[in-house]
Each structure stands twice: as C-alpha cells, then as structure tokens.
Amino acid sequence: MSRGGSESVADFSPQYDPKTVEDRIYKLWEEGGFFAPEAHKSSADNSNSKKSFTIVVPPPNITGSLHMGHALNATIQDILVRKKRMEGYKTLWLPGTDHAGIATQNVVEKDLKKQGISRHDLGREKFLEKIWEWKEKYGNIILDQFKKLGASMDWSRTRFTMDEKYQKAVAEAFLYYHKKGWLYKAERVINWCVRCQTSLSDLELEYKQEDGKLYFIRYPLVSQNNAENFLRNSALSPRGSALVVATTRPETMLGDSAVAVNPKDERYKNLVGKKAMLPIQNREIPIIADDHIEQEFGTGAVKVTPAHDFADADMGERHKLPFRKIIDERGKMTKEAGAICEGLKIGECRDRVVAELKKEGLIEKEEPYRHNVAICYRCGTVIEPLPSMQWFLKMQELAKMALNAAESGKVRFHPERWKDVYIDWLKNVRDWNVSRQIWWGHKIPLEGETDVLDTWFSSALWPVATLGWPEKTKDLKTFYPTSVLSTARDIINLWVMRMVFSGLELMNEVPFSDVIVHATILTKDGKRMSKSLGTGIDPMTLIEKYGADATRFGLIWQAMGGQDVHWSEEHVVAGKKFCNKIWNAARFVLSQLPATSYSTGPSPRALGQLPASPIANTDEDKKILERLEHVKKEVSGLIDTYEFGQALHDLYDFFWHEFCDIYLETAKKQLQDEKLKENTEEILSYVLYTSLKLLHPFMPFITEEIWSKLPIENKKHLIIESWLGQKV
RNA sequence: GGGCAUUUAGCUCAGUGGUAGAGCGUUGCAUUCACAUUGCAAAGGUCGCUGGUUCGAUCCCAGCAAUGCCCACCA
C-alpha cells in the first residue's frame with residue numbers, strides 16, 4: 001500500500017472531478033463489505049465493537065424517485081452511520097422499499113389505462129402480476145439513487161414490505177392483535193374514496209379549500225299548534241310553519257334522521273321533541289337537542305344525516321337515530337335516496353334536490369361559503385363519509401403505550417417540539433380502520449376475508465419485521481431496538497407513532513430512542529416542491545452537475561436546526577468549490593512531503609503513521625493545533641446532538657479559513673527553515689488527515705479518494721478509519 | 001377556533017445580555033508561487049413593530065403585525 005509522495009501528486013489534477021471518482025469509490029466500499037455491520041475485524045482494542053448502532057431507512061414507495069427530502073434525509077442518516085462506523089460500532093443501516101398500497105395500485109392502473117386496459121378487465125390475479133412486474137422493473141430505482149448519493153447502506157439486508165418473510169410478519173401481527181381481541185369488524189361511517197374504491201384512515205386525508213354554497217332549507221313543522229307557537233317567536237321563518245336549517249350539502253337531506261338544535265337555544269326550546277317534515281322524502285323526523293350544535297352558526301338548527309357525516313354519525317349514536325345510506329361506494333344515490341334521485345351522481349343529485357326544493361319554495365336563501373373538504377391523499381378525489389363494514393384496531397391501550405413512550409422520554413424528538421404534535425394527536429385518537437378495499441397489499445389472513453390491510457399497518461412493523469420478527473433472529477437480538485429514526489414531519493403520526501406502539505406491543509421495547517424530524521425543503525419562494533407543479537428539484541440533476549459531495553454539502557449547509565429550507569442552489573455551488581479547496585490543499589500538503597521517507601526507515605513517521613500530537617514550534621503551529629482539537633470536539637458533539645448544519649459550518653470555516661488561508665501560507669515560510677521544516681510537514685499532514693476524517697461523514701467520496709493517495713503504511717480505507725484516533 | 005414555527009446585509013440563512021456573522025451577489029486590487037472553483041480588501045443591516053425587565057436588549061418577558069405549517073365533527 002506504500003506509495004511515493006511524488007507519484008500521488010502526479011495523480012492529482014488541479015481540479016477535483018467527481019465523475020471520475022464517485023462510482024469507483026462506491027464500488028470499492030461495496031466490494032470491501034464495509035457497509036455491513038461486520039466491517040471491522042474484531043479487535044480487542046475496539047471498545048465499541050460490542051455496541052450496535054442501527055438505523056432502518058424510512059422505506060420509500062416503489063413508485064418513488066429521489067426528491068430533495070429523501071436526499072436530505074439520506075444524507076443525515078449517512079452522516080450518523082459513517083461517524084458511528086468510524087467509532088467502531090457494529091453499524092447497520094438497513095435499506096428497503098414500501099409497497100405503498102394505494103399509491104402503487106394507482107400508478108399501475110394509470111399505466112395500463114394508456115393501453116386502454118382497466119384493472120377490472122384483467123381481474124385481480126392478473127392485475128397483481130402486472131404490479132409485481134412493474135415493481136421488478138421500476139421498484140428499485142430509488143435505491144440506486146441512494147447509492148449515487150453515497151449512502152452506506154447494507155444492501156445484503158435490503159427488504160421490501162411485501163417480500164415473503166414480511167408478509168408472514170404482517171399476518172402474524174394481525175393474528176396476534178386479533179387473538180388479543182383488539183381487532184374487530186364493524187359497520188361504521190368511514191372515509192371512502194369513490195375513485196380508489198376503498199376506505200381510508202383519518203390520517204390519509206388531506207384538505208382543500210372549496211368555494212361552495214350554504215343553503216338555507218325550510219323543513220315544515222308537523223304539528224300545527226307548535227308551528228303557530230314557533231312563528232310568534234321567530235323571524236327565521238317568515239313564510240310559514242317551518243324550521244330552517246343551513247347546509248353545504250343539500251343532497252344529503254335525503255338521508256336525514258333528525259334536526260338538531262342546542263338545548264340552550266331559547267329560539268327552539270319548545271320545538272325539541274316535536275317533529276318536522278323532511279321535504280321530498282315526505283318523512284317525519286324528530287327535532288332533538290344536542291350540545292354539539294353551535295347556536296351562532298347558520299340558523300342554529302342543523303339537519304342530521306348519520307350515515308354521511310362524522311359528527312352526525314356521533315349524534316346518531318347518541319340519540320339512536322336510523323342510519324340511512326343514500327350514497328353508495330361508487331358515489332351514486334341509492335334506492336333509499338328516493339325515486340327521483342336514485343342512480344344519480346352526487347353532484348347531479350345536489351342540483352336535482354335544490355331544483356325540487358326551489359319549486360316548492362323551500363329554499364330560504366343561498367350564501368357563498370368557503371370551507372374545507374376532505375380529499376384522498378393519493379388521488380385528490382373528495383372523500384365521502386359513508387357506513388361500511390371494516391376492520392378496526394382498538395387504539396385505547398396502544399395509544400396509551402405510545403403516549404407514555406414520548407412522555408417518559410424513552411422516545412425523544414429532535415427538535416423537541418414535535419413531541420407535542422405526536423402527543424396531541426394521541427390524546428383524542430379513534431380506532432384505526434385497517435382494512436382497505438384495494439387489490440395490492442397484504443391480504444387479511446382470515447378465512448373468507450378478501451380485503452387487504454392499510455399499507456401503514458405493514459409500515460408500522462418496519463423496524464421489527466426487517467430485523468426478522470416474528471422469528472427470534474440474531475439480527476433482531478443484535479440490532480433491536482434501533483438507535484435513530486430520521487423522518488419527515490408529515491408522517492409523525494401516520495408512521496412514527498404506529499411503529500412505537502407496534503414495537504412496544506410486539507417486542508416490549510421502543511423501536512428507537514431518538515426521532516430526528518428533518519427540515520422540509522421548500523422552493524426559494526417558500527412554496528411546496530411538487531413534481532406535478534414543476535416546482536420540484538431533482539437531486540440527481542444536482543449530483544450530475546456538481547457531484548454527490550457538493551450536493552450533500554448544499555443540503556446540510558442549509559438545513560440548520562430542522563427549520564424549513566428555502567432552497568437555493570448556490571450552497572451546492574459552494575460545496576463544489578469547497579471540494580476543490582480540499583482537493584488542492586491535499587495536493588499541496590502531499591507535494592511538500594518527502595517522497596521516499598514514508599516507505600522506509602525506522603521512525604513512526606517514516607512508517608507513514610500519524611504522530612498522535614505533533615509538537616508546536618511556532619505560535620502559528622500552536623494555534624492551528626489548538627483549533628484542530630477544538631473543532632474535533634465541536635464536530636463530534638454537534639453530530640451527536642444532530643446539529644449537522646452547524647457541524648459542517650464549523651468544519652468549513654476551520655478548513656478553509658484557518659487551515660488553508662492562514663496556516664498553509666505560514667507553512668510555506670516555515671518549510672524554508674531547516675529547523676522547522678520536518679515538524680511543519682508533520683503538522684500539515686496531521687491537520688489534513690484529521691480533517692479528512694472529520695469531513696468524511698459529510699463528504700465521503702472526495703475524502704476517501706484523497707485518503708487513498710496518502711503515504712501511510714498499511715492504512716485502512718477512510719470509511720473504517722478511527723474517528724478520533726481511538727483504536728478500531 | 002386552537003397550536004407551532006418564522007421575521008437579522010440585495011438573496012438564502014447562522015448567531016450572541018455589552019462595538020452584528022457566513023455563503024452567494026456587488027466593488028477595488030493581486031495571477032510563473034496548492035487552488036481564479038483563488039487570495040487580500042471594501043461597500044452594504046436603527047437585527048418586524050410597541051412596551052417592559054436591565055447599567056445595557058437583536059438576544060429575556062408581554063402584547064401586536066406579517067408569513068408559513070399543523071390540528072379541529074361550525075353543519
């Protein structure tokens with residue numbers, strides 16, 4: 001492994017070119033087996049060798065390709081993993097992908113649609129075959145992109161949430177909960193996507209603002225006596241004996257079971273217990289009192305449609321009202337909606353109902369009204385609440401466990417404020433609807449059940465299942481619980497919380513102790529990056545243009561303290577320049593070292609080993625060595641507390657300004673002085689070598705490449721070098 | 001309706017109870033000397049607003065404003 005200094009320098013062109021380096025270096029790491037936890041040969045001197053450090057990557061969807069969030073997240077994890085590996089830990093970063101039920105099914109459906117084929121044309125079996133084909137073809141693109149970024153993942157342990165063993169784990173977990181009595185089947189009002197033809201959990205909804213109308217509808221009162229009484233007290237119904245309700249969805253009146261008012265509302269007090277006539281349907285419905293009703297909104301009287309509204313469903317339960325299902329799973333009106341509306345689509349029915357009511361003079365007024373409607377997080381279609389037979393997982397005990405894990409500090413959030421987001425959500429959680437009526441997913445493992453499970457049910461098992469659960473594997477014993485989970489903020493409850501209770505319930509231990517909630521990368525204007533809007537930036541383009549190290553630099557440089565990032569490419573440019581600076585500093589230092597003395601001779605220096613602490617002869621020597629010691633501690637500490645941006649700023653500042661701008665210039669003079677020459681050489685190499693180690697987790701390719709050129713006897717690759725000089 | 005975050009140089013952002021910092025951009029000077037993907041130097045900010053605490057506030061406290069995000073069964 002010995003090389004003459006001059007020979008090394010000859011390999012250096014004055015510009016660093018990532019294209020000639022990155023693929024070669026990555027291959028070198030992969031072939032060397034350094035990504036596996038067994039990277040270090042066991043050594044008695046390595047005090048950390050018995051400790052493990054584990055991260056399971058948040059598995060990207062197989063429909064996905066790398067976006068800026070992935071790139072940042074992967075870089076963060078790689079920094080942690082590389083540092084721990086260099087510290088001698090048994091380090092595992094486990095990669096994999098998620099089958100992403102609805103998302104993938106939709107993508108493949110769309111793909112088939114181009115050929116004019118629907119999934120129903122193919123049938124379930126054939127369609128699933130198509131998805132598997134698709135997965136084989138495109139499913140691992142993002143994993144290759146992780147490699148381009150330099151991610152040091154153990155590819156031998158790559159998992160997929162639908163691989164054979166994983167399917168067993170999911171079935172096992174389902175049966176476990178079922179046996180325990182925490183899984184039950186019930187007909188409930190759930191979120192239904194009429195396009196995807198499946199139920200969705202509350203967390204799978206998004207909201208969009210919609211400019212609609214608020215319709216004020218007159219419901220005639222049934223008893224004439226009461227009506228007269230009412231008329232004397234109310235100006236709300238000038239044209240007759242009627243109660244006026246306000247609604248944004250007039251078509252649902254066809255399924256009304258009651259009209260509700262607040263029990264304290266003086267205007268309606270004497271109507272409670274009486275009846276109103278539901279127009280069009282000509283059905284009598286009771287007038288009930290319920291605390292939930294706001295007196296100030298609309299007229300203070302609300303139509304109650306238990307089958308098609310969550311609040312009304314609750315009221316329906318409280319008051320034992322009938323659930324009349326007037327909208328079916330295809331978004332069409334049922335027979336129960338009545339002869340004039342049966343078979344119409346929801347929108348058509350709305351028009352029809354409004355026209356009918358107008359004809360009868362029952363629309364008091366219409367007001368423009370802006371409100372939020374729930375939409376499917378996968379296809380954007382408006383969600384219909386409707387009653388449906390589904391599987392639910394009881395959340396009471398599981399939520400308690402998950403809550404306790406955060407409150408007790410067994411799971412810590414970074415930044416800490418995300419703990420509140422997690423806790424607040426858990427405090428009023430409903431049972432989890434875990435069944436989905438799509439084809440792509442884990443089938444419910446019970447006789448006669450045809451539904452599949454919510455994709456997040458399997459994601460919830462990720463840390464345990466990837467390590468072997470339910471088998472009592474060596475990996476599970478060694479690497480569970482994992483150390484850190486790094487993720488985006490929008491899946492704290494969708495995913496993180498569910499992993500916590502799954503881990504606690506199935507393994508009796510939290511799945512990870514620390515959760516990093518990384519920055520969200522926005523456009524320069526602070527807008528969401530979106531592929532469909534064309535506002536997204538492709539990290540692969542950056543890597544192509546500036547190199548992986550520069551891209552990582554740009555990401556970490558900007559992502560300070562988990563704050564939102566308004567992305568600007570200049571920092572990637574700065575990263576590229578920094579690469580060149582490191583490259584040339586190394587070029588200079590190596591050119592100054594004697595070419596031959598590193599391969600022969602008796603002294604440690606001559607053997608090409610690093611002096612533990614070079615002697616400082618001058619004030620400049622002293623200063624640079626002191627500053628180096630300081631930066632070593634600083635950077636180590638900052639990585640341990642997940643302050644990667646600050647660590648990189650410190651390193652940048654030290655290397656560029658203190659080492660290159662000042663000390664290197666001083667060294668040029670000192671090298672002319674025979675008395676100082678040799679010692680200055682030692683300091684130059686010591687500071688360079690140590691800096692390369694400190695920089696390696698952030699910028700792994702260039703540092704490894706330079707390391708390969710250093711005139712050190714029997715050196716290891718930098719990826720497994722000792723972090724701060726401890727034996728590994 | 002509730003909560004959280006942000007507000008500092010032209011832009012993107014750090015930071016500190018005591019004359020304000022980085023990257024990029026701008027201006028001037030310097031190239032046979034590791035790097036012009038460079039070096040040296042300069043210009044540029046009453047640190048969102050109003051009060052309070054303090055000898056002293058950009059930083060701590062209170063209130064306000066603007067922006068963004070999350071949560072919520074005002075139909």
Side-chain angles (χ1 to χ4, degrees), chain A residues 9 12-17 189 202-203 206-207 212 214-217 245-250 252-253 259-260 262 290 292-305 308-315 369 371-372 374 385 415 417-421 424-425 427-428 430 489-490 492-493 519-520 522-528 546-547 550 553-554 557-592 643 645-646 648-650 652-653 656-657 660-662 664-665 667-668 684 688:
Chain A
V9 174
F12 275 72
S13 70
Q15 268 107 45
Y16 172 65
D17 179 11
V189 176
D202 295 342
L203 287 168
E206 285 178 4
Y207 293 86
L214 193 57
Y215 298 86
F216 291 75
I217 307 174
V245 300
T247 181
T248 55
R249 298 197 58 187
T252 62
M253 57 102 44
V259 173
N262 190 291
D290 194 289
H292 162 258
I293 307 302
E294 301 281 339
Q295 297 184 39
E296 291 73 28
F297 188 88
T299 61
V302 181
K303 59 191 273 316
V304 182
T305 322
H308 298 286
D309 182 281
F310 288 100
D312 292 5
D314 289 347
M315 266 192 277
Y369 189 68
H371 63 138
N372 286 334
R417 63 175 182 274
W418 296 110
K419 178 175 148 186
D420 295 337
V421 171
D424 287 350
W425 196 83
K427 281 191 172 154
N428 35 39
R430 289 167 178 252
R489 70 188 56 159
D490 49 352
I492 289 175
N493 292 315
T520 301
L522 306 169
T523 66
K524 198 156 191 160
D525 311 328
K527 301 268 158 54
R528 199 185 183 83
Y546 304 105
F553 179 99
W557 183 268
Q558 292 182 74
M560 302 286 294
Q563 224 47 273
D564 286 358
V565 169
H566 290 205
W567 178 259
S568 76
E569 198 166 305
E570 289 125 46
H571 301 293
V572 181
V573 176
K576 187 175 159 65
K577 290 184 181 177
F578 189 40
C579 285
N580 207 239
K581 194 72 182 175
I582 297 167
W583 187 254
N584 278 289
R587 209 159 74 98
F588 171 72
V589 170
L590 292 192
S591 73
Q592 299 306 310
E643 296 167 86
Q646 191 59 55
L648 183 58
H649 276 76
D650 288 1
Y652 176 90
D653 213 48
W656 196 307
H657 300 303
C660 293
D661 288 351
I662 299 173
L664 245 53
E665 295 307 319
K668 287 175 186 171
L684 281 174
L688 175 68

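Each chain gets a letter, A, B and so on, in the order its sequence line appears, and its residues count up from 1.
Heavy-atom nearest nucleotides on RNA chain B were determined for A:E570 and for A:C579, and the one closer to the 5' end corresponds to A:E570. RNA chain B is contacted by both A:H657 and A:A311; A:H657 maps to the nucleotide lying nearer its 5′ end (nearest heavy atom per residue).
With respect to A:R249 and A:D312, no salt bridge is recorded, no charged nitrogen being found less than 4.0 Å from a carboxylate O. A salt bridge is defined here as a Lys NZ or Arg NE, NH1 or NH2 lying under 4.0 Å from an Asp or Glu carboxylate O, and A:D309 with A:K303 fails to meet this definition.
Comparing the same atom, C1', in B:C47 and in B:A57 gives a spacing of 11 Å after rounding to whole Å. Here, B:U46 and B:G39 have their P atoms 29 Å apart, quoted to the whole Å. Separating the C1' atom of B:G28 from that of B:C35 is a span of 22 Å, rounded to the nearest Å. Taking atom P on both nucleotides, B:U54 is separated from B:C59 by 16 Å, rounded to a whole Å. Using C1' as the reference atom, B:G51 and B:C71 are 32 Å apart when rounded to the nearest Å. Comparing B:U58 with B:G21, their P atoms are spaced 15 Å from each other, to the whole Å. Spacing of P atoms, B:C13 relative to B:U27, comes out at 24 Å, to the nearest Å. Across the C1' atoms, B:G68 and B:U31 are found 48 Å apart, a figure rounded to whole Å.
To the nearest 0.5 Å, atom CH2 of residue A:W656 and atom CG of residue A:L664 are 13.0 Å apart. Residue A:R417 holds its CZ atom at 10.0 Å from CG of A:D420, rounded to the nearest 0.5 Å. Summarising the geometry, atom NZ belonging to A:K577 is positioned 10.0 Å from atom CD belonging to A:E570; distances are rounded to the nearest 0.5 Å. With rounding to the nearest 0.5 angstrom, the CH2 atom of A:W567 is 14.0 Å from the OG1 atom of A:T520.
Counting non-hydrogen atoms under 4.0 angstrom, A:D661 reaches the backbone sugars and phosphates but no base. The residue A:H649 sits apart from the nucleic acid: no heavy atom pair falls under 4.0 Å. A:D525 comes within 4.0 angstrom of nothing in the nucleic acid, heavy atoms only. Nucleic acid contact for A:K668: base, since at least one base atom lies under 4.0 Å from a heavy atom of the residue.
Ring geometry for A:Y16 against A:W583 counts as tilted: the plane angle lies between 30° and 60°, on a 0 to 90° scale.
Close approach of RNA chain B to chain A, defined as any atom under 4.0 Å from a non-hydrogen atom of the protein, starts and stops at B:C4 to B:A75.
Taking the six-membered ring for Trp, A:F553 and A:Y546 have ring centres at least 6.0 Å apart.
Pairing analysis of RNA chain B (Watson-Crick: purine N1 to pyrimidine N3 plus N6-O4 or O6-N4; G-U wobble: N1-O2 and O6-N3; both under 3.5 Å) yields stems of 3 or more pairs at B:1-7 with B:65-71, B:10-13 with B:21-24, B:26-30 with B:38-42, B:48-52 with B:60-64.
With sequence neighbours left out, A:D202 forms a side-chain hydrogen bond (donor to acceptor under 3.5 Å, both in side chains) with A:N191.
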